[in-house]
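Values below: all heavy atoms of this structure, side chains included; hydrogens, waters and symmetry mates excluded. In what follows, every chain begins at residue 1, and chains take the letters A, B, ... in the order their sequences are listed.
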Amino acid sequence: MTNSAKNIYLDYAATTPVDSRVLKAMQPYFDEKFGNPASIHWAGIKADQAVEEARELLAHSIQANPEEIIFTSSATESNNLALKGVALANKSKKNKILISPIEHECVLNSAHWLETQGYRVELIPVNHHGLIDLVQLEKMLDEQVLLVSVIYASNEIGTIQPIKEIGQLCQKVGAIFHTDAAQAFGKLSIDVNRSHIDLLTTSSHKIYGPKGVAFLFKKNGIKISPLLHGGGQERGFRPSTLNVVGIVGFAKAAEIAFSDLAQESKKIKKLRDQLISKILSTIPHSYLNGHPKLRLFNNINFRFDFVEGESLVLGLDQHGIAASTGSACSSPKLEPSHVLTALGLTPVQAHGSLRLTLGRFTKPQEIEQVAEILPQVVSNLRAISPFKS
Amino acid sequence: MNYSPQVLDHFRNPRNFGSLEKASGVGTVGNAVCGDVMKLYLIIEEDKEGKEVIKDIKFETFGCAAAIATSSMITQLVVGKTIKEALQIKNKDIAAELGQLPSSKMHCSVLAANALAEAVRDYREKKNKK
């Protein structure tokens, strides 16, 4: 479906449009300031200055030092670098890795791969809202734990974890703490020192920056091995010619996100709560997945009995509304969401879930329209369903 | 993943959905764990030559757009046909009539063909009991 004026985009967790201010900041770096930051001549210097300014801004946005930022191409790459990089650099020391069962596929699958390399991976239990069980985590944290990886805020259900408490527990036993903040970065105030975070993943295209750029925060002193080998860029941790245009755009996007955070989060949260209460009160057998309070200000994840998620998404698409069943990455799969089943939902319940994620450009009248259309779509599908209340 | 215009049409305007109270045969296939359950209701009558003809058919489906579209399509393909003719329709025929299905969704057409076979089996079982 083409993007016409009547279309409504409620899939900001999948990706966001590039903000016009970001695009403007990127523009000169395509042609005018095209240099390779590794070059020592005037063209290289201009590009290098831009990258270092961006690095400084991004570092400060999470209270880190510039040399603790490693630019990568995606959150998937950052998560791979964090997990595999730590494992490869710390071989034959500790052999246990703890992750939550509601991680993004790139963390889950990196951990599964490390199992084939001799690491033991254990899942930290979560409650029905998706919150980590801190008591269990403390019991699981022994001297054999090399790394703990917990998603800062869930991409599917929006639940925000007690990151500081997890960080403190890890620090007590000397386990390295990584968090995937791809959805949280730019939406929550993050302090890597206060929360005892050793490694943190971010992404540009979730915060109105361009796709194809991200960073991994790596605290000074934490040892990782690179996954790529090449020239010495990013202090050898991630050799490749730097994506100058993308990095400049990412920094501008972060600058806007953090300066407008208080105002924007308040505005979007209000719209989110209006839609949640409208839908739960008008559609029978409807529920909210995830934590009612401790959730990202833009995330809604509904569950409707007797209908299936993909048909909900296509039913909404027919009315120009873009939504998703969960992670966009898992759309072609047939299994129910691993995140929703980890909350204790049955596969049938998990199949009936719908994620709506709001953003900077969501208008109040769009939310009103969705509140009108969604009940019709659900009711049409229920009329076809063999399951009835 | 892109659905054909035919799939989208059958998904948006499903033909023959609902149930039949006096069905001669009912077939339920699929598994809610996998996200697809299909139920077909048939009314079968014998014509003057004694051939068993599908006079009416309805479906109820829980599942993705492809599951709904294949259910809708099979009802259209078999209504008015004899049981013998209807059972010759293979899952590939259903997919072809829908302008093909994405490969990850081919199992939906298998489900539709199985639902028909199951409804016919149920009809025969009920008939033999009489």
Side-chain angles (χ1 to χ4, degrees), chain A residues 1-2 11 14 285 303-341 344-354 373 376-389, chain B residues 1-20 23 26-41 58-75 98 101-108 110-112 115 118-119:
Chain A
M1 189 164 279
T2 54
D11 204 10
H285 303 282
R303 174 160 64 79
F304 305 106
D305 286 342
F306 323 124
V307 294
E308 193 272 341
E310 192 219 80
S311 53
L312 281 170
V313 170
L314 269 169
L316 287 171
D317 184 52
Q318 191 182 345
H319 297 274
I321 301 167
S324 77
T325 48
S327 169
C329 321
S330 50
S331 284
K333 290 195 306 190
L334 306 173
E335 299 95 50
S337 149
H338 69 274
V339 173
L340 297 175
T341 49
L345 295 184
T346 65
V348 182
Q349 290 173 324
H351 275 300
S353 294
L354 178 76
I373 293 164
Q376 292 170 30
V377 170
V378 172
S379 145
N380 290 345
L381 290 169
R382 281 180 177 171
I384 304 175
S385 175
F387 305 127
K388 314 277 178 198
S389 55
Chain B
M1 190 182 69
N2 268 319
Y3 282 126
S4 68
Q6 294 97 312
V7 170
L8 291 176
D9 175 43
H10 276 264
F11 167 69
R12 290 167 183 170
N13 311 293
R15 283 51 149 188
N16 307 311
F17 72 88
S19 58
L20 291 168
V26 180
T28 306
V29 294
N31 185 336
V33 174
C34 309
D36 295 307
V37 176
M38 220 176 262
K39 200 167 178 182
L40 282 185
Y41 300 82
K58 291 229 185 301
F59 81 88
E60 288 179 320
T61 293
F62 164 89
C64 63
I68 291 169
T70 53
S71 313
S72 170
M73 178 52 84
I74 199 166
T75 64
L98 285 168
L101 290 169
S103 57
S104 64
K105 298 290 184 181
M106 274 308 280
H107 72 282
C108 294
V110 175
L111 216 53
E118 181 58 26

### Query
Just wondering, are more than 12 heavy atoms of other shown residues or ligands nearer than 6.0 Å to CG in B/Asn13?
yes
### Contact class of A/Val307 relative to chain B, heavy atoms under 4.5 angstrom
backbone
### Message
If I compare all heavy atoms of B/Ala32 with all of A/Val348, which pair ends up nearest, and what's the gap?
### Response
CB-CG2, 3.3 Å
## Note on the structure
Residues A/Pro386 and B/Lys39: closest non-hydrogen pair is CB-CD, 4.2 Å
### Summary
Cut-off 4.5 Å, heavy atoms of chain B, and the answer for A/Ala350 is neither
### Query
Which pair of heavy atoms, one from B/Cys64 and one from A/Glu310, lies closest together, and at what distance?
CB-OE1, 3.3 Å
### Summary
Rounding to 0.5 Å, atoms OH (B/Tyr3) and CG (A/Asp317) come to a distance of 11.5 Å
#### Entry: Selection residues 344-353 of chain A - residue pairs positive for salt bridge (Lys or Arg N to Asp or Glu O under 4.0 Å), sequence neighbours left out
none
### Rounded distance (nearest 0.5 Å) linking atom CD of A/Glu308 with atom CD1 of B/Ile68
7.5 Å
### Message
As an exercise, state the distance from CZ of B/Phe62 to CG of A/Leu381, rounded to the nearest 0.5 Å.
### Response
10.5 Å
### Query
Who wins among B/Asn31, B/Val37, B/Leu8 for the most heavy-atom pairs under 4.5 Å with chain A?
B/Val37
### Task
Return the minimal non-hydrogen interatomic distance between A/Pro336 and B/Val33, and the atom names on each side.
CD-O, 3.9 Å
### Query
Pick from B/Ser72, B/Ser71, B/Pro14: which one makes a side chain to side chain contact (heavy atoms under 4.5 Å, CB included) with A/Ile384?
B/Pro14
### Task
Could you have a look at B/Gly18, B/Ala65, B/Gly63 and say which one has the most heavy-atom pairs with chain A under 4.5 angstrom?
B/Gly63
